[in-house]
Amino acid sequence: MSIITENVIPGNHGKIFGTNAKEANDLKRIEDNLLKIDGVKNVIFNDSYPVEFTVHTTKMVEIKEIEKMVRGLGFHAVPKGLFAL
């Protein structure tokens, strides 16, 4: 593994995650809890199926930390592949 695959790198790209949460209130809970992680700037939910969200950060944040936070709410967060250059 590498720094890029294990962390969300600060910048415009962010990191996309898939989740099994569907209800608006569940998505709001995920957003609110992710924003509590030090370094998470914003969480943007994409209108797609399955539901995906993008996390942007102000500093490097471990993907494991994001997965753990969402798992604690009863859902999963699966990181998608690297962004295309």
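- In terms of the side chain to side chain contact (heavy atoms under 4.5 Å, CB included) criterion, residue partners of Glu67 (sequence neighbours excluded) are, by chain and number, Ile63, Lys64, Arg71, Pro79.
- When the shell of 6.0 Å around NZ of Lys22 is examined, it contains 12 or fewer heavy atoms from other residues, nucleotides or ligands.
- Residue pairs that meet the ring pair (Phe, Tyr, Trp, His ring centres under 6.0 Å) test with at least one member in residues 22-52, sequence neighbours left out, are Phe45-Phe53.
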Taking only distance into account, with no hydrogens and no angle test, what donor-acceptor pairs under 3.5 Å do side-chain atoms of residues 24-32 form with protein atoms, sequence neighbours excluded?
from: Lys28; atom 1: NZ; to: Asp32; atom 2: OD1; distance (Å): 3.2
from: Arg29; atom 1: NH2; to: Leu73; atom 2: O; distance (Å): 3.4

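- The hydrophobic clustering, which links ILVMFWY residues whose side-chain heavy atoms are closer than 4.5 Å, places Met69 and Val51 together.
- Ile9 and Val43 sit in two unconnected hydrophobic clusters of ILVMFWY residues. Membership requires side-chain heavy atoms under 4.5 Å apart, directly or through other members.
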Could you list the donor-acceptor pairs under 3.5 angstrom formed by side chains in residues 54-61, with sequence neighbours left out?
from: His56; atom 1: ND1; to: Asn42; atom 2: OD1; distance (Å): 2.8
from: His56; atom 1: NE2; to: Asn12; atom 2: O; distance (Å): 3.3
from: Thr57; atom 1: OG1; to: Lys59; atom 2: O; distance (Å): 3.0
from: Thr58; atom 1: OG1; to: Gly39; atom 2: O; distance (Å): 3.3
from: Lys59; atom 1: NZ; to: Asp38; atom 2: OD2; distance (Å): 2.5

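- The heavy-atom pair separating Asn7 from Ile3 by the smallest distance is ND2-O, 3.0 Å.
- Pairs passing the salt bridge (charged side-chain N to carboxylate O under 4.0 Å, His left out) check and including a residue from residues 45-56, sequence neighbours excluded, read Glu52-Lys80.
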